[in-house]
Amino acid sequence: MSQLPIETVLDDLFQGITKRDRLIVKAPPGAGKSTRLPLALLERDLVAGKILMLEPRRLAARNIANYLASQRGESLGETVGLRVRGESRTSKQTRLEVVTEGVLTRMVQDDPELDGVSLIIFDEFHERSIQADVSLALVLDVQQGLRDDLKVMLMSATLDDDALLSLLPDAAVITSEGRCHPVTYDYMPVSRQRGIGSPSYESLVAAEVSKLMLAQSGSALVFLPGVAEIKRTADELKTRVSEDVLICPLYGQLSPKEQQQAIAPCESGKRKIVLATNIAETSLTIEGIRLVVDSGLERVARFNRKTGITRLETVQIARSSAIQRAGRAGRIEAGHCLRLYGEDNFQRMRAVPEPEIVTSDLTSTVLELAQWGATPDELLWLDSPPELHWTQASALLVQLGLLQENQTLTAMGRAAHAFGTEPRLAAMLAFAKKCDDKAAQSTACWLAAWSEEPLRGFREPDLAKHLVAVSRQKGNQARRARYFAEKLGCSLSSDMAFYWLPVLASVAWPDRVAKARGNDGRYQLSNGHGAELEPDHPMTGADYLVVADLMTVKQGNSKIFVAAELDISELENERSELFTDFEWVDWDDNKGRIIAERQRRLGRLVVDKTAIASPDQSRITDALLSAVRRKGLSSLSWNTKSESLLTRARCAMNWCIGPDLPDISDDGLLAQLETWLAPFMVSVTRWSQMNKIDLNAALEAYIGWEAAKDIDRLLPETYKVPTGSGYRIRYQVGQKPVLAVRMQEVFGEATSPTIADGKVTLVLELLSPAQRPLQITQDLAGFWQGAYREVQKEMKGRYPKHVWPDDPANHVATNKTKRHFKQ
DNA sequence: CTCTCCCT
């Protein structure tokens, strides 16, 4: 085998690893970074302890580990080991462990000092999965605080150097060439009518693939966004290709054995078409591939903060992914890539994919960091987790009973973390463990296994039927159920505990308990959102459901796919922590009376209520205040005086009085109604009496008598012009104050008048004798000198009886005509 | 026409 490009930089790399603690290895596909590099590290014996190499996918981890072991003439589990979910192949001899991302996070959590580990390699770091970002943050924390001898290496094909270097300024950067045989390209834009989602999309893809197979030699790798597209394309292809062409689907939910079949070499004389998701985009060599067909699409999980639901979206891939996908064609010999989009489209793609941590549900991440005992601002991030997502995730963990308000784990939270599954399911399993009912525990295991990997294409609304079906399956779900059962110390049964099932589901999805809005299948979820059953759904009419699977649609109610009927009183018996008591008072506009009731609530749902017979005055005040809050400040009876005080106080805050005043913005006042408005409502019992409130007095009391006096002095309501008349100053928040006055009345004023101890200049709106606007100026002196001449000429013509002096700055002000003046 | 990937 000829020398790989990475060999030429190995010396730099060995030097880097001796001198620095952090390394960045940038190498395009074919350099040998995931294969030659780790072997070279083992051969050189540069690091004393174990090397961990992180791969983003199980399939990739398994293949690389197998390949590395075979290169050393060993079998897996000797020097080279593997650790992924559900499979651990290591021994005392093991010096290089290939692991997946979640496994690394677990290892760090279980042993923060990472005893015996000397080097951690993050392969394919450019993919920026949330797991890789989180485990890097933890590993860097370990390096800084506990293990200054630990080395970290980030390997990537395409990565924003600047961002990474500013995160790790002292890292050694090693750049390698790639090696790739030449690849030729064809572009074929697909019209919207035949594009993704249209019924003819897969037949178009299949036609192009079979044409390519006729025209070219070798096997093909086709990148499609998801399982549905893969299955339909496979069906279409069967009728179009000859029998010596194998059609091999490849995606994550297939069993390891099926996946292995898809990437294994063909029998001699045969060729194959691999239909893959982006599981095959990196770290995977498939025998005999020299043709690539790229749909240019992928599915990404996008968390909707409003509904708390993660939805899969089909989106255009990034340019870096398009390059990776095409590169698969040139691994063995010169290849060809057909892109099912235009070349201009390729140029317009975003350069690199958006990091998952920015768009994902952070519930698992918050739990992980709480277990670690750090807040996000104490760790290093390439992209910080967004604060709003973080707060929402924390709130969910609190609701699940895993986190305390102070962000530390509860006892149940610590127990849940040990289950190694997503927080909702972990909370449910921890609850099952405590409830000490074997049937409930078995059901909990099946529910967790189902939720991790639901049955695809099983159109069945009843959650119980899903679990029964899952319990009859062999494979991933059964293995996971057994794993959970071991943790709970229970045995698995395919009889579901029907009493417990809805309770368990409510523990996992407390935000998705649904209350009927009527008899027509419309429901309200405890998170406040609307959801509905399909028409003629057998559960229509049930008072309460717990929704295990639903889909948000762009507009209107979410669609409920899988649910269980719930007896709300049973949930109250088993998990009263989910419920809160609440005294609700409000003014009902339609009925024209106070509503006062004691409510039992689950999230936003009112599950029970009793009227409070004769509410006392403070309750009535509360009700009216909540009506004010709903209707806004403008619903109060403002008059000129109170409105003027409020506006002037707000202006004063901007100009001269500063932050001593309480928050008197609309939001600030609405938030403090109890403080400033309530004391003036002692005898108000109906909305119609609200107009009796002296808002001026209330505001004056709120901002303080001294401040109110200052405001009157600094921001007077009127301004006295030289004639002695006072005119109202127009105040508006965010704008300069305006004084409208007839021009003649300010003769004798040399410069623009000011207020607020001279800090603010009045804008003069100068009017004609007939009160028509003539000029607006903030600089009266300048006006007299300049533009006044023109105005004077015009005014002399139109109002000859009035005085229009040549030197207005020093003339006597007047509101009268010449005749009066002469007398 | 409901579903990428991953977790002691």
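Each chain gets a letter, A, B and so on, in the order its sequence line appears, and its residues count up from 1.
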The complete set of salt bridge (Lys or Arg N to Asp or Glu O under 4.0 Å) pairs with one or both residues in residues 104-122 of chain A, sequence neighbours excluded, reads none
With salt bridge (Lys or Arg N to Asp or Glu O under 4.0 Å) as the rule and sequence neighbours excluded, what pairs involving residues 51-66 of chain A come up?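 Of all non-adjacent pairs touching residues 51-66 of chain A, those that pass salt bridge (Lys or Arg N to Asp or Glu O under 4.0 Å) are A:Arg57-A:Glu127, A:Arg62-A:Glu87.
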Exercise for review: Let me know, please, whether A:Arg83 or A:Arg299 comes out on the 5' side of the other along DNA chain B by nearest nucleotide.
Suggested key: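 It is A:Arg299, whose closest nucleotide lies nearer the 5' terminus.
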Of A:Lys487 and A:Thr277, the one whose nearest nucleotide on DNA chain B sits closer to the 5' end is A:Thr277
Is [X] touching bases, backbone alone, or none of the nucleic acid, heavy atoms closer than 4.0 Å?
X	result
A:Gly420	base
A:Arg232	base
A:Arg57	sugar-phosphate
A:Val300	nothing

Sequence neighbours excluded, the answer for side-chain contact (heavy atoms from CB on, under 4.5 Å) partners of A:Glu101 is A:Leu54, A:Pro56, A:Ser129, A:Gln131, A:Ala132
Can you name the side-chain contact (heavy atoms from CB on, under 4.5 Å) partners of A:Gln143, sequence neighbours left out?
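Partners of A:Gln143 by the side-chain contact (heavy atoms from CB on, under 4.5 Å) criterion, ordered by chain and then number, come out as A:Asp21, A:Arg22, A:Leu140, A:Leu150, A:Val152.
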Inset, instruction - Can you sort out the partners of A:Phe303 under ring pair (Phe, Tyr, Trp, His ring centres under 6.0 Å), two or more places apart, ordered by chain and number? - result: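 With sequence neighbours excluded, A:Phe303 shows a ring pair (Phe, Tyr, Trp, His ring centres under 6.0 Å) to A:His389, given in chain and number order.
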Does this structure show an ion pair linking A:Arg328 with A:Asp294, if we count only N-O contacts that are shorter than 4.0 Å?
no
Chain A reaches DNA chain B, atoms under 4.0 Å from its heavy atoms, from B:dC1 to B:dT8
